[in-house]
Amino acid sequence: MDKDLLNIEIIKEYVSKRKIDWTKHCLNRLNQRNIQISDVKNAVNNGRIIEYYYDDYPYPSCLILGYSINNEILHIVCGVSEGIVHMITAYYPDTKRWEEDMKTRREE
């Protein structure tokens with residue numbers, strides 16, 4: 001698998017071209033957390049990758065920190081394969097698990 005696909009510009013391009021696989025898991029989580037698809041797209045478009053998961057199966061994935069339409073911090077986990085981004089989950093980060101910058105995990 002090409003690790004170069006885990007690039008925020010490539011992910012933004014796929015999202016802008018609607019080359020998105022909204023996994024059932026992701027759609028369920030968005031519904032549970034009251035997160036709109038438009039918020040996820042917005043957060044990807046203004047976001048940056050804060051963690052890489054190169055060994056994820058079936059495709060490498062990453063964690064993006066971005067902002068919803070209402071300027072709330074969102075974390076998005078997505079995988080990338082040739083020509084498509086696979087949305088895995090999205091959530092509002094919790095200060096119990098993340099430092100104030102919402103980029104750094106707290107020590108367990």
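When a residue number appears, it is its place in the shown sequence, counting from 1.
- Counting heavy atoms from C-beta outward, I11 and C78 have side chains that approach closer than 4.5 Å.
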Side chain to side chain contact (heavy atoms under 4.5 Å, CB included) between W98 and T104, worked out: CA-CA 6 Å; W98 295 91; T104 311; 5.6 Å; no

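- By the side chain to side chain donor-acceptor pair (under 3.5 Å) test, E51 pairs with Y53, R105, sequence neighbours left out.
- Minimum interatomic distance between V40 and I76 (heavy atoms only, all atoms of both residues): O-CD1, 3.7 Å.
- Annotation: D94, atom CG; neighbour count of heavy atoms from other residues, nucleotides and ligands within 6.0 Å is above 12.
- The main-chain N or O of N34 is never found under 3.5 Å from a side-chain atom of N31 such that the two would form a donor-acceptor pair.
- Side-chain atoms of R106 and E99, non-hydrogen and from C-beta on, do get closer than 4.5 Å to each other.
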Check against side chain to side chain contact (heavy atoms under 4.5 Å, CB included), S61 and V80: CA-CA 6 Å; S61 64; V80 183; over 6 Å; no

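- Between L30 and A90, the closest heavy-atom pair is CD2-CB, 3.7 Å.
- Among residues two or more places apart in sequence or in another chain, the side chain to side chain donor-acceptor pair (under 3.5 Å) test is passed with N46 by none.
- Grouping the Ile, Leu, Val, Met, Phe, Trp and Tyr side chains by contacts below 4.5 angstrom, directly or via other members, places M87 with I35.
- Listed by first and then second residue, the ring-ring contact (aromatic ring centres under 6.0 Å, His included) pairs involving residues 14-37 amount to none (not counting sequence neighbours).
- In terms of hydrophobic clustering, with Ile, Leu, Val, Met, Phe, Trp and Tyr side chains grouped at heavy-atom distances under 4.5 Å, L63 and V15 are assigned to different clusters.
- When every heavy atom of I64 is checked against every heavy atom of I49, the shortest pair comes out as CG1-CG1, 4.1 Å.
- By the side chain to side chain donor-acceptor pair (under 3.5 Å) test, S38 is found to be paired with no residue, residues two or more places apart in sequence or in another chain being considered.
- Residues passing the side chain to side chain donor-acceptor pair (under 3.5 Å) test with E100: none are found, sequence neighbours excluded.
- In this structure, I10 CD1 and E82 CD are separated by 8.5 Å, a value rounded to the nearest 0.5 Å.
- Counting only distance, with no hydrogens or angles, the side chain of R29 and the backbone of T89 share no donor-acceptor pair below 3.5 Å.
- Between N7 and K12, every side-chain heavy-atom pair lies at or beyond the 4.5 Å cut-off.
- Residues I88 and C26 form no side-chain contact, since every pair of their non-hydrogen atoms from C-beta on lies 4.5 Å or further apart.
- Applying the side chain to side chain donor-acceptor pair (under 3.5 Å) test to pairs two or more places apart or on separate chains, those with a residue in residues 67-77 are H75-Y91.
- Between D101 and L65 the shortest heavy-atom distance is O-CD1, 3.9 Å.
- Residues G47 and I8 share a closest heavy-atom pair of O-CG1, 3.6 Å.
- In this view, K103 satisfies the salt bridge (Lys or Arg N to Asp or Glu O under 4.0 Å) rule with no residue, not counting sequence neighbours.
- Taking Ile, Leu, Val, Met, Phe, Trp and Tyr as hydrophobic and joining them when side-chain heavy atoms fall under 4.5 Å apart, one finds I84 isolated, its cluster having no other members.
- With sequence neighbours excluded, the residues that form a ring pair (Phe, Tyr, Trp, His ring centres under 6.0 Å) with H86 are Y59.
- Looking at residues two or more places apart in sequence or on another chain, you find no salt bridge (Lys or Arg N to Asp or Glu O under 4.0 Å) involving R33.
- Taking OH of Y92 as the reference point, atom CD1 of I73 lies at 11.5 Å (rounded to 0.5 Å).
- T95 pairs by the side chain to side chain contact (heavy atoms under 4.5 Å, CB included) definition with M102, not counting sequence neighbours.
- The distance from the CD atom of E9 to the OG atom of S16 is 10.5 Å, given to the nearest 0.5 Å.
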